[in-house]
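Below is one structure; the comments refer to it alone.
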Protein chains: 2
Amino acid sequence: MRRDVFQAIADPNRRAIIELLGHSQLTPNAVAAHFDVSRPAISKHIKILAECGLVIVTQRGRERYYEANYKALGEVSKWVDQYRNFWENKLDALGNFLASEAKVHKSKPHKNKQK
Amino acid sequence: MRRDVFQAIADPNRRAIIELLGHSQLTPNAVAAHFDVSRPAISKHIKILAECGLVIVTQRGRERYYEANYKALGEVSKWVDQYRNFWENKLDALGNFLASEAKVHKSKPHKNKQK
DNA sequence: TAATTTTGTAACTGATTGGTTACAATTAGG
DNA sequence: CCTAATTGTAACCAATCAGTTACAAAATTA
């Protein structure tokens with residue numbers, strides 16, 4: 001089964017869960033109380049999130065505490081960032097191509113706004 | 001059918017396609033030449049990408065030219081960015097919670113009940 | 001005009017997904 | 001010790017997904 005962070009955050013419920021788990025550690029029951037779906041459904045979502053490192057589990061007695069590990073979003077951040085200049089400079093694909101061509105041939109001034 | 005940018009970029013082939021379409025405009029046949037899957041499969045992927053604005057279509061005669069519109073990644077970027085401080089400051093969820101508690105108690109309670 | 005190229009899409013298929021209910025195991029509390 | 005609470009997971013189901021092959025339509029070209 002494919003289990004990467006891109007697939008993990010594709011589901012809106014899972015995004016809501018990791019949003020929730022950033023504010024405080026919560027037990028599965030506490031998480032499920034925020035949603036309309038059943039506790040097992042939440043449990044499966046959290047399992048998927050944990051499998052790609054987005055959620056960390058701490059067991060204490062019979063209870064489990066989940067918390068978000070946003071560091072695992074780094075992969076997504078990195079992937080998106082490589083395209084950031086494209087839309088922040090308001091260049092489309094062709095525009096970028098032409099801009100880089102002009103830069104090579106004529107040293108045309110090129111806004112290089114970084115993140 | 002759910003068609004948001006998070007679901008669109010969940011598939012590795014689709015991520016490869018929009019990567020490809022950032023370098024130059026390509027026809028569906030040209031795109032398909034880069035992959036092992038069939039042309040109709042690529043066509044369906046591109047349709048999904050176009051439906052959420054990640055790909056822009058230009059028809060010229062019988063041919064179609066696709067190009068990436070990375071601006072549509074803004075939604076993902078925005079979502080990820082709201083968590084960036086968490087992992088860049090090397091704070092875990094509990095650490096952030098305590099840090100915000102230490103300031104003032106003016107953060108509103110989180111409500112995320114779905115309907 | 002006739003044949004070829006380019007493309008989208010319908011129809012189908014097997015795998016995956018997101019959900020459910022039911023049940024078992026472990027811990028807590030009387 | 002017995003009962004209740006907390007949790008994971010198995011078994012199942014309908015819907016969606018990602019792929020295929022087959023075909024039709026429109027534009028090019030010989």
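Each chain gets a letter, A, B and so on, in the order its sequence line appears, and its residues count up from 1. Just so you know, these numbers come straight off a predicted model, no measurement behind them.
- In this structure, OH of Tyr65(B) is placed 13 Å from P of dG8(C), rounded to the nearest angstrom.
- Between Val55(B) and Ile18(B) the shortest side-chain heavy-atom distance falls below 4.5 Å.
- Asp36(A) places its CG atom 17 Å from the P atom of dG18(C), with the value rounded to the nearest Å.
- For DNA chain C, the residues of residues 42-49 of chain A within the heavy-atom distance limit of 4.0 Å (strictly under) are Lys44(A), His45(A), sorted by number.
- Side-chain contact check for Gln59(A) and Tyr65(A): no donor-acceptor pair (N or O, by modelled atom type) lies under 3.5 Å.
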Under 4.0 Å protein heavy-atom contacts per nucleotide of nucleotides 21-30 of chain D, with B for base, S for backbone only and - for none: BB----BS--
For residues 29-47 of chain B, please give each side-chain donor-acceptor pair under 3.5 Å, one per line with the distance, not counting sequence neighbours.
from, atom 1, to, atom 2, distance (Å)
His34(B), ND1, Ala30(B), O, 3.0
Ser38(B), OG, Ala41(B), N, 3.4
His45(B), ND1, Arg14(B), NH1, 3.0

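- Look at CZ on Phe6(B): it is 15 Å from P on dG18(C), rounded to the nearest Å.
- Looking at heavy atoms from C-beta onward, Leu26(B) lies in side-chain contact with Leu21(B) at the 4.5 angstrom threshold.
- Residues Val80(A) and Trp79(B) form no side-chain contact, since every pair of their non-hydrogen atoms from C-beta on lies 4.5 Å or further apart.
- Residues Thr27(B) and Tyr66(B) form no side-chain contact, since every pair of their non-hydrogen atoms from C-beta on lies 4.5 Å or further apart.
- What separates CD1 of Ile9(A) from C1' of dG18(C) is a distance of 18 Å, to the nearest Å.
- At whole-Å resolution of the value, CG in Asp11(B) and C1' in dG19(D) are 11 Å apart.
- An OP1 or OP2 oxygen of dT17(C) is reached within less than 4.0 angstrom by a side-chain nitrogen or oxygen of Gln7(A).
- Comment: Arg84(B) engages Asp81(B) in a salt bridge, judged by a side-chain N to carboxylate O separation of less than 4.0 angstrom.
- Tyr66(A) comes within 4.0 angstrom of sugar-phosphate atoms only, judged by non-hydrogen atoms across all strands, and of no base.
- Spacing between atom CD of Glu51(B) and atom P of dT9(C) amounts to 10 Å, rounded to whole angstrom units.
- Distances shown here put a side-chain N or O of Asn29(B) below 4.0 Å from the OP1 or OP2 atom of dT7(C).
- Under the 30°/60° scheme for interplanar angles, the aromatic rings of Phe86(A) and Tyr70(B) are found to stand perpendicular.
- Checked against dG8(C), dT7(D), dT20(C), the side chain of Arg64(B) finds its nearest nucleotide in dG8(C).
- Nearest-nucleotide assignment on DNA chain C puts the 5′-proximal partner with Gln59(B), out of Val37(A) and Gln59(B).
- A cation-pi arrangement is found for Arg15(B) relative to Phe6(A), the charged atom lying closer than 6.0 Å to the ring centre and inside a 45° cone about the ring normal.
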